[in-house]
Amino acid sequence: MTVTAGSSTTPGTRRPLDLGPAVALASKESGHQIPLAPEFVSPDDFAPLEVVYDFGRVRREDIEAGPRSIWRYKRLLPVPSDIETIPSTDPGCTRLVRADSLARELGVRRLWVKDDTGNPTHSFKDRVVAVALAAAREFGFRVLACPSTGNLANAVAAAAARAGWDSVVLVPSTLERAKVLTTAVYDGTLIAVDGNYDDVNRLATELAAEHEDWAFVNVNVRPYYGEGSKTLGFEVAEQLGWRLPEQIVVPIASGSQLTKVDRAFREFGELGLVEPTPYRVFGAQANGCSPVASAFKAGLDVVQPVRPETIARSLAIGAPADGPYVLDTVRRTGGAIEDVTDQEIVEGIRLLARTEGIFTETAGGVTVATAKKLIESGQLDPDAETVLLITGDGLKTLDAISDHVGPKATVPPTAQAVHEVLGQAGS
Ligand SMILES: *Cc1c(COP(=O)(O)O)cnc(C)c1O
């Protein structure tokens with residue numbers, strides 16, 4: 001089905017808008033629909049907007065015959081039908097690793113790690129940005145912008161470079177050096193802002209209103225951006241052999257990813273691509289920025305903003321846009337939300353590295369440490385098949401571990417010196 005651009009702002013073109021199966025945007029509260037457009041707030045009730053689809057029939061074979069990237073799920077995303085032919089970083093199809101050794105350590109039976117460090121800029125943000133860019137392109141944009149805590153900055157700068165677009169990336173001036181350099185190298189416009197992420201986010205919202213020709217991936221095209229996170233859920237289900245896990249642990253920053261993994265599992269069930277078996281969604285936060293975990297534990301429906309103070313900077317969003325929807329999802333599925341200390345985060349990073357050979361950034365440390373805590377407190381069922389979402393690469397947050405790991409010893413180049421160190425280690 002095709003939808004014409006109608007009142008949407010597609011400058012100078014009259015050809016029909018092609019966003020694949022997407023047919024409208026709807027208020028997350030009232031369900032009131034508006035035509036597809038670069039809008040993120042419902043004019044009806046000021047609630048966030050989400051994409052509405054007319055999927056038709058989607059078969060496993062169609063997906064399996066697709067490319068080895070998120071575009072294999074194009075029939076379930078708001079992207080043009082010929083998306084494979086358009087320059088993109090082509091993220092997705094990252095490994096699902098059977099984590100037996102970590103499972104033994106944590107005392108659970110069947111554990112999997114979804115290793116999203118394998119994306120083009122080493123975090124799951126490549127997924128959301130690729131979908132945002134594809135939709136923004138249909139709307140006629142040629143500048144990609146974002147406020148970011150780092151991973152989004154990398155993904156936006158790289159995707160824009162690959163598409164031949166300009167990019168405008170705003171980051172807190174306190175960002176890790178590695179994340180600054182790994183954004184700047186793509187040669188877009190990178191601006192460091194004195195303030196925390198929430199200040200940068202407010203500034204971006206202001207700029208988005210002034211620069212109608214900029215697609216802010218997580219502001220004016222946020223409804224499309226968010227849909228990219230569904231591909232994490234789709235991949236987990238496909239990689240498990242077309243079935244849903246019983247439990248999944250997801251890190252929370254704005255909360256978008258957690259709600260979209262749930263949406264992915266529901267869509268796969270509704271389309272008959274998997275058995276709609278029950279699953280529980282668990283959320284993970286750093287306790288230096290745990291507004292959603294606090295609301296969950298207090299039994300509240302609203303999330304009180306906090307001022308973040310944690311080494312898990314990629315999760316340091318004090319006023320999470322999707323907080324209330326995360327609470328709904330976790331409560332509806334019978335999950336829980338926990339938070340962990342900076343020390344536990346470092347231990348989580350080291351535990352995953354030592355047991356599975358996967359080096360994750362602080363956000364992954366949050367996920368592993370939270371899973372451990374949820375198992376110890378009996379909230380996560382050790383007999384149920386569990387997936388941990390590891391969303392980013394440790395090379396971007398070396399500072400977090402630099403005081404904790406290093407060489408056993410520095411020795412002269414003699415065998416004897418090495419034997420001495422090994423002897424000590426063994427004794
Ligand atoms: C952004 C980010 C998240 C969380 O994303 P939200 O959808 O905003 O909750 C998780 N992990 C990493 C590494 C991220 O960069």
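Just follow the structure's listing: the first ligand is 1, and inside any ligand the first atom is 1. All residue numbers refer to positions in the sequence shown, counting from 1.
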Which residue and heavy atom of the protein sit nearest atom 8 (O) of ligand 1, plus the separation: Ser254 OG, 2.6 Å

Contact (N/O only, under 3.5 Å) between Lys125 and ligand 1: yes

Distance-only N or O hit between ligand 1 and Ser123, under 3.5 Å: no

Leu315, portion touching ligand 1 at heavy-atom distance under 4.0 Å: side chain

Sub-3.5 Å N/O-N/O distance, Gly255 and ligand 1: yes

Side-chain donor-acceptor contact under 3.5 Å, Arg95 with Thr117: no

Sub-3.5 Å N/O-N/O distance, Ser229 and ligand 1: no

Output field: ring centroids Tyr225/Phe40 closer than 6.0 Å: no

Closest protein heavy atom (residue, atom, distance) for atom 11 (N) of ligand 1: Thr391 OG1, 2.6 Å

Over all atoms of both residues, closest heavy-atom pair of Ser229 and Phe124: OG-CE1, 3.2 Å

Nearest neighbour in protein (non-hydrogen) for atom 7 (O) of ligand 1: Gln257 N, 2.8 Å

Aromatic contact, Trp165 with Phe141 (centres under 6.0 Å): no

Over 12 foreign heavy atoms within 6.0 Å of CG, Asp194: no

Ligand 1 N/O within reach of Ala363 N/O, cut-off under 3.5 Å: no

Which segment of Lys260 sits under 4.0 Å of ligand 1 when only heavy atoms are counted: neither

Check: Ser314 N/O within less than 3.5 Å of ligand 1 N/O: no

Ligand 1 contact on Asn151 by region, counting heavy-atom pairs under 4.0 Å: side chain

Atom pair NZ (Lys125) and CG (Asp116), whose distance is rounded to the nearest 0.5 Å: 10.5 Å

Check: Ser294/Gln304 side-chain N/O donor and acceptor closer than 3.5 Å: no

Which atom of Ser254 lies closest to which atom of Arg222, heavy atoms considered: OG-NH2, 3.1 Å

Under the salt bridge (charged side-chain N to carboxylate O under 4.0 Å, His left out) test, residues paired with Glu206 that sit two or more places apart: none

Contact with ligand 1 for Pro251, non-hydrogen, under 4.0 angstrom: yes

Protein heavy-atom partner closest to atom 4 (C) of ligand 1 - residue, atom, separation in Å: Ala253 CB, 3.5 Å

